[in-house]
Amino acid sequence: MRILVVGSGAREHAIIKALIRTGTDAGDIVCAPGNKYIAKQVEVRALDDACDKLAVTRIALEEAVDLAVIGPEAPLVAGVADALRTQGIQVFGPNQKAAALEGSKQFAKEVMAAQDIPTGMSRRCDTMSEVTDAMDQFGAPYVIKADGLAAGKGVVVTRDKQEALDHAAKFLNEGVLVEEFLEGEEVSLFFLSDGTSVMPLSPAQDYKRAFDNDEGPNTGGMGAYSPLPWLPEGFVEEVTKRIAQPTINELKKQDAEFIGLLYCGLIITDRGIRVIEFNARFGDPETQVVLARLTTNLAELLMSAASGKLDVGPVAEFSDKVAVTVVLASEGYPGTTAPIREVTGIESAESMDDVEICKAGDTGRVLSVVGLADSFPEARALAYEGVSRIKLEGSHFRTDIALKVESKAAG
């Protein structure tokens, strides 16, 4: 099977590493556009814009791929999967209509309402007076979300009314959602979907705030761990039955068959499980820890979803080991973009047993260090030892990733 992976980030690097680790020959994988670290493992093809349907399709046809895996959300929302499918290529990634589940928060709310899927109350707002009314209705802490794509920076949760209003004003042209604040432990749960059925992967928890103790602005994610030993019994089954399967059913009903990765961003509140958000692709950095533990052939799993045969393909299985990933971010992230600076020490970190480096761009979230071990203290120690070997002027990372897992499990 020849596979094209579209994207250039740490998520795509993690997907490629998992494909190779679970049985795919590196020579059968091509990545566009990839990056220079991904190029050390597989062939990469130049691609100026991953949303360019013609360019992506041309690469897929020239490389005679059997399967295309689309990593980022923007190409999905732009309809790249549709263009590939019209050429007869199997695609792991939803079509443009189904990708609106991530592309529009309001559309996602409507899908949930149609199937009575539990989520927070919200109001779509197009004027600042509507925003103010909704904020007064729900009260503080204020939750403001951009309706469209915002690269992980579209959400603000704050008690500061002016900060909330400023954030709403920034995204008002595309529309914003004001939501009730939900309190509890957050969980990311991925599902493979073939358009009809779903298959859960292993739950993970990520860390959205930039700094330790969940302080600072929201980011795309500063670290993650998997599995979650503190989850209640039957959690995955409940989410499958009450949230994931009904979502896929509703999309099919709306002629928006969802083939790909349904990311359920969840929160466990006093009133039960609620959906915070849906994404239409693998999450970053959760992918790095979930796929690090996968023991089933990933290519076969993705192909069985892409070809509508999830029910007769292999079942996703995971090792008992635990994985912790820590993200190294450039100076000023997420507020400002740092100048491009040299990163050193990646080879030293990668030389450690059970440590993996997933490289992204030159700025922002530059890379993820993954530690895999039998226990959380061991996995944390590996990840942080890996981070300590990597040098990037001005960079920062959180020191508390997976720190409280044992106390949660005990509690």
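- Salt bridge annotation for Glu180-Arg123: absent, with no cationic side-chain nitrogen under 4.0 angstrom from a carboxylate oxygen.
- Residue Asp320 qualifies as open at atom CG: its count of foreign heavy atoms under 6.0 Å is 12 or below.
- Between the side chain of Thr22 and the backbone N or O of Leu298, at least one donor-acceptor pair lies under 3.5 Å.
- Residues Val322 and Asp374 form no side-chain contact, since every pair of their non-hydrogen atoms from C-beta on lies 4.5 Å or further apart.
- Shown here are the ring-ring contact (aromatic ring centres under 6.0 Å, His included) partners of Phe211, two or more places apart in sequence or in another chain: His396.
- At distances below 3.5 Å, at least one donor-acceptor pair connects side-chain atoms of Arg293 with backbone N or O atoms of Lys321.
- Rounding to the nearest 0.5 Å places CD of Gln90 at 9.0 Å from CG of Asp66.
- Using a 4.0 Å cut-off between charged side-chain N and carboxylate O, Asp25 and Arg2 make no salt bridge.
- Residues Gln106 and Leu177 have side chains in contact (heavy-atom distance under 4.5 Å, counting atoms from C-beta outward).
- Centroid-to-centroid, the aromatic rings of Tyr263 and Phe278 stay 6.0 Å apart or farther.
- Between Asn249 and Lys252, every side-chain heavy-atom pair lies at or beyond the 4.5 Å cut-off.
- Ion pairing of Glu350 with Lys17 is present here, as a side-chain N (NZ or NE/NH1/NH2) and a carboxylate O approach within less than 4.0 Å.
- Aromatic ring centres of Phe376 and Tyr225: separated by under 6.0 Å.
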From CA spacing to verdict: salt bridge (Lys or Arg N to Asp or Glu O under 4.0 Å), Glu385, Arg389 = CA-CA 7 Å; Glu385 170 60 25; Arg389 296 184 181 200; 2.9 Å; yes

Test log, rule side chain to side chain donor-acceptor pair (under 3.5 Å), inputs Asp311 and Ser197 = CA-CA 7 Å; Asp311 55 338; Ser197 56; 5.3 Å; no

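- Taking the side chain as every heavy atom from C-beta outward, Thr219 and Arg209 never approach each other to under 4.5 Å.
- Shown here for Asp194 and Leu310, the closest heavy-atom pair between the two residues is OD2-N, 3.1 Å.
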> Between Lys161 and Tyr142, is a side-chain contact (heavy atoms from CB on, under 4.5 Å) present by the stated rule, with each step listed?
Replying inline: CA-CA 7 Å; Lys161 194 166 190 176; Tyr142 305 108; 3.9 Å; yes

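- Using a 4.5 Å heavy-atom cutoff, the side chains of Ser122 and Val178 are not in contact.
- Looking at Ile259 and Ser193, their side chains never come closer than 4.5 Å, going by heavy atoms from C-beta outward.
- With rounding to the nearest 0.5 Å, the separation of CZ in Arg21 from CG in Leu291 is 7.5 Å.
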**Request:** Show your working on side-chain contact (heavy atoms from CB on, under 4.5 Å) between Glu277 and Val155 and close with a plain yes or no.
**Result:** CA-CA 11 Å; Glu277 65 172 352; Val155 180; 5.6 Å; no

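- Between the CZ atom in Arg281 and the CZ atom in Phe92 there is a gap of 12.5 Å [rounded to 0.5 Å].
- A 4.5 Å side-chain heavy-atom check between Thr247 and Leu101 finds at least one atom pair inside the cut-off.
- Here the closest heavy-atom approach between residue Tyr333 and residue Ala329 is recorded as CD2-CB, 3.7 Å.
- Side chain of Lys109 to backbone of Gly120: a donor-acceptor contact under 3.5 angstrom is found.
- The side chain to side chain contact (heavy atoms under 4.5 Å, CB included) test with Val42 is passed by exactly one of Ile16, Val5, Ile3: Ile16.
- Across Thr24 and Ala299, no two heavy atoms sit closer than the pair OG1-CB, 3.4 Å.
- In summary, the side chains of Glu317 and Thr295 do not present any donor paired with an acceptor at a separation below 3.5 Å, with no hydrogens or angles considered.
- For the 3.5 Å distance criterion, the side chains of Glu378 and Ser375 qualify, holding a donor opposite an acceptor.
- Side-chain polar atoms of Glu185 and Gln205 form a donor-acceptor pair below 3.5 angstrom.
- Smallest separation of non-hydrogen atoms from Val370 and Ala323: CG1-CB, 4.4 Å.
- No donor-acceptor distance shorter than 3.5 angstrom exists from the side chain of Thr325 to the backbone of Gly223, with no hydrogens or angles considered.
- Phe181 is listed as a side-chain neighbour of Glu183, based on a closest heavy-atom distance under 4.5 Å.
- Rounded to the nearest 0.5 angstrom, Leu262 CG and Leu192 CG are separated by 10.0 Å.
- Under the 3.5 Å distance criterion, with hydrogens and angles disregarded, no donor-acceptor pair is assigned to the side chains of Ser330 and Arg341.
- Of the inter-residue distances, the one linking Leu367 atom CG with Gln288 atom CD reads 10.5 Å to the nearest 0.5 angstrom.
- Side-chain atoms of Ser307 come within 3.5 Å of backbone N or O of Met303 as a donor-acceptor pair.
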Quiz prompt | Residues Glu174, Arg124; criterion salt bridge (Lys or Arg N to Asp or Glu O under 4.0 Å); working and verdict | solution = CA-CA 11 Å; Glu174 295 87 43; Arg124 154 92 191 201; over 6 Å; no

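- Looking only at distances, no side-chain donor or acceptor of Arg398 sits under 3.5 Å from a matching main-chain atom of Leu328.
- Smallest separation of non-hydrogen atoms from Pro75 and Cys51: N-SG, 3.6 Å.
- Counting only distance, with no hydrogens or angles, the side chain of Arg365 and the backbone of Gly220 share a donor-acceptor pair below 3.5 Å.
- The main-chain N or O of Glu286 is never found under 3.5 Å from a side-chain atom of Asp206 such that the two would form a donor-acceptor pair.
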The test is side-chain contact (heavy atoms from CB on, under 4.5 Å); show your working for Phe138 and Val143 and say whether it passes.
CA-CA 9 Å; Phe138 295 131; Val143 181; over 6 Å; no

message = Assess the residue pair Asp362 and Lys36 against the criterion (salt bridge (Lys or Arg N to Asp or Glu O under 4.0 Å)); give the C-alpha distance rounded to whole Å, side-chain angles, the decisive distance to 0.1 Å, and a yes or no.
response = CA-CA 11 Å; Asp362 295 316; Lys36 67 179 184 181; 6.0 Å; no

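- Under the 3.5 Å distance criterion, with hydrogens and angles disregarded, no donor-acceptor pair is assigned to the side chains of Ser8 and Asn35.
- Under a 3.5 Å cut-off, the side chain of Asp400 and the backbone N or O of Asn213 do form a donor-acceptor pair.
- Contact detail for Pro118 and Ile243: the closest heavy-atom pair is CD-CG1, 4.3 Å.
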ask   = Between Glu186 and Leu266, does a side-chain contact (heavy atoms from CB on, under 4.5 Å) hold up when you go through it step by step?
value = CA-CA 6 Å; Glu186 293 187 25; Leu266 310 162; over 6 Å; no

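- Residue Lys241 places its NZ atom among 12 or fewer non-hydrogen atoms of other residues, nucleotides or ligands, all under 6.0 Å distant.
- A distance-only check finds a donor-acceptor pair linking the side chain of Thr57 to the backbone of Lys53 [under 3.5 Å].
- In the displayed structure, Glu237 atom CD is contacted under 6.0 Å by more than 12 heavy atoms of other residues, nucleotides or ligands.
- Ring-plane geometry between Phe282 and Phe190 is classed as perpendicular, the angle between the planes exceeding 60 degrees on a 0 to 90 degree scale with a lower cut at 30.
- Here CG of Asp116 is found 11.5 Å from OG1 of Thr119. Values are rounded to the nearest 0.5 Å.
- Inspection of the Asp284 and Thr287 side chains reveals no N or O donor paired with an N or O acceptor under 3.5 Å.
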